[in-house]
Number of protein chains: 2
Amino acid sequence: MTTTVNGPMRNGVDTTTLFATLDAVKAAPEAAKFQFRASNEWISGTHSRGEIHDFFGVGEDRTHTRTFTFDADHPAVMVGQDNGPTPVEYVLHALAACLTAGLANIAAARGIRLTEVRSAVTGDIDLNGILGLNSEVRNGFQGIAVRFTVSGDASPEQLRALVEQSRARSAVYDVLVNRVPVTVDVTTA
Amino acid sequence: MTTTVNGPMRNGVDTTTLFATLDAVKAAPEAAKFQFRASNEWISGTHSRGEIHDFFGVGEDRTHTRTFTFDADHPAVMVGQDNGPTPVEYVLHALAACLTAGLANIAAARGIRLTEVRSAVTGDIDLNGILGLNSEVRNGFQGIAVRFTVSGDASPEQLRALVEQSRARSAVYDVLVNRVPVTVDVTTA
């Protein structure tokens, strides 16, 4: 394994493993069936703590190398204690991270060396919806805007095409623009 | 301000402020127009770092009491270094946190004391989609399931009704099940 730009490592992506993984999944498509999981415990008011640790993939239950723990809350202006970001801010973070990871992989696969990728995401929301004060206002974001700044050893057109391909293959973008079925069950004790 | 169950604090929710906020927004609906923001910087491979700090609400730009920073990555089995959860796991975390915050607020408004709220969220995804190996497989989750355990001083029916009302007023649930417009712009440098 080398770390030169023209070797198997590119943009921090192990392209040998990336292409080998693609070949492996082509040969055994079931390996690509994953289940991701998060758990959450209410602490007080709008403050809760989430944990992300285990998942299923490539045929078996697996764990991350450590347990990731994240607090969520509302800021004071939303009657919370600001112990963490709001849940909707985590969604914006997820979208930026997903598009960025895809972009780096796609650039590596196309032999483009990236030098900088930054993004800023904004989401407009009218809280008259979740407050139940206006039935014509939706609960969630009315729109989300992502602004990328990308630098690398390629033409502006090639760099823009990386973002476009990442958008076309983004899991988080997909669930936001195309909807996903969600079931909610309750056990009382 | 007291902290007894029958006083203005209930479930850690300052119900006096909650109801005062509702009245204030009824009188000035523009106050409820918020914009949330996240920024992201690519580090290497699928590893990126997101920051959540400022937002707009109640007529002006505001900041959280501190800057929240979160790494995202893919695990080794997805050709990453596992420096953080995957972006899609942040979405599951956001959904649980949103439903939980709403549940605590709604319980407080209804005079129900909660003793425990836990949830587990799972999302099934077939990576043949994002890998571009099967055009019939979507990129994102095929389905998400949330399982709540709720305990408190109320009947099982009342506790289940809290979850149902939270679902009906959840910003994250809304964007997942009803879609949201997302624009992606690129600046190259």
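Atoms considered below: every heavy atom in the structure, side chains included; atoms not considered: hydrogens, waters and symmetry mates. Protein chains get the first letters and strands the later ones, always in sequence-line order, with residue 1 at the start of each.
Each of V91(B), V77(B), D73(B), I43(B) has some count of heavy-atom pairs under 4.5 Å with chain A, and the biggest count is that of V77(B). Residue with the most contacts toward chain B among A31(A), G50(A), P181(A): P181(A) (heavy-atom pairs, distance under 4.5 Å). For the set P29(A), A104(A), G123(A), G80(A), the count of heavy-atom pairs under 4.5 angstrom toward chain B peaks at G123(A). The greatest number of non-hydrogen atom pairs below 4.5 Å with chain B, out of L95(A), V184(A), T149(A), N178(A), is found for V184(A). Contact count against chain A (heavy-atom pairs under 4.5 Å) is highest for D82(B) among D82(B), L159(B), V175(B). Chain A forms more heavy-atom pairs under 4.5 Å with one residue of P75(B), P87(B), A101(B) than with any other, namely P87(B). Interface check for chain A: of the options K33(B), R160(B), R138(B), Q142(B), the most heavy-atom pairs under 4.5 Å are formed by R138(B). Between chain B and the residues A96(A), A72(A), G102(A), G57(A), the most heavy-atom pairs under 4.5 angstrom are made by A96(A). The most heavy-atom pairs under 4.5 Å with chain B, out of I125(A), L103(A), T100(A), come from I125(A).
Residue T65(B) touches chain A through both its backbone and its side chain, counting heavy-atom pairs closer than 4.5 Å. Only the side chain of F68(B) comes within less than 4.5 Å of a heavy atom of chain A; its backbone N, CA, C and O stay farther away. At a 4.5 Å heavy-atom cutoff, the contact between H74(B) and chain A is made by side-chain atoms alone. Heavy atoms of V163(A) lying under 4.5 Å from chain B belong exclusively to its side chain. Residue L176(B) touches chain A through both its backbone and its side chain, counting heavy-atom pairs closer than 4.5 Å. Residue A168(B) touches chain A through its backbone alone, counting heavy-atom pairs closer than 4.5 Å. For chain B, the nearby parts of L22(A) are the backbone and the side chain; heavy atoms of each come within less than 4.5 Å. Contacts of Y173(B) with chain A are made by side-chain atoms alone, with heavy-atom separations under 4.5 Å and no backbone atom involved. With a 4.5 Å cut-off on non-hydrogen atoms, N83(B) touches chain A through its backbone but not through its side chain. Looking at V58(B), only its side chain comes within 4.5 Å of chain A, counting heavy atoms on both sides. Residue E164(B): no heavy atom, backbone or side chain, is found under 4.5 Å from chain A. In this structure, chain A has heavy atoms under 4.5 Å from both the backbone and the side chain of A145(B). The part of N105(B) that comes within reach of chain A is its side chain, from C-beta onward, which places non-hydrogen atoms under 4.5 angstrom from that chain. With a 4.5 angstrom heavy-atom cutoff, L133(B) touches chain A only via side-chain atoms.
Follow the hydrophobic side-chain contacts under 4.5 Å out from L92(B) and you reach W42(A) in the same cluster.
Looking at E41(B) and R49(B), no side-chain N of the basic residue comes within less than 4.0 Å of a carboxylate O on the acidic one, giving no salt bridge.
The side-chain hydrogen bond (donor to acceptor under 3.5 Å, both in side chains) check on D61(B) picks up R37(B), with sequence neighbours excluded.
In this structure, a donor-acceptor pair under 3.5 Å is absent between the side chains of H93(A) and E51(B). Residues D124(A) and Q35(B) have side chains that bring a donor and an acceptor to within less than 3.5 angstrom of each other.
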Using the side-chain hydrogen bond (donor to acceptor under 3.5 Å, both in side chains) rule, take D71(B) and H47(B) through it: C-alpha gap first, then chi angles, then the decisive distance, then the call.
-> CA-CA 7 Å; D71(B) 285 22; H47(B) 182 200; 2.8 Å; yes

Might you work through the side-chain hydrogen bond (donor to acceptor under 3.5 Å, both in side chains) test for N40(A) and S48(A), ending with a clear yes or no?
-> CA-CA 7 Å; N40(A) 186 281; S48(A) 72; 3.0 Å; yes

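Listed for the T21(B) side chain is a donor-acceptor partner under 3.5 Å among the backbone atoms of T17(B).
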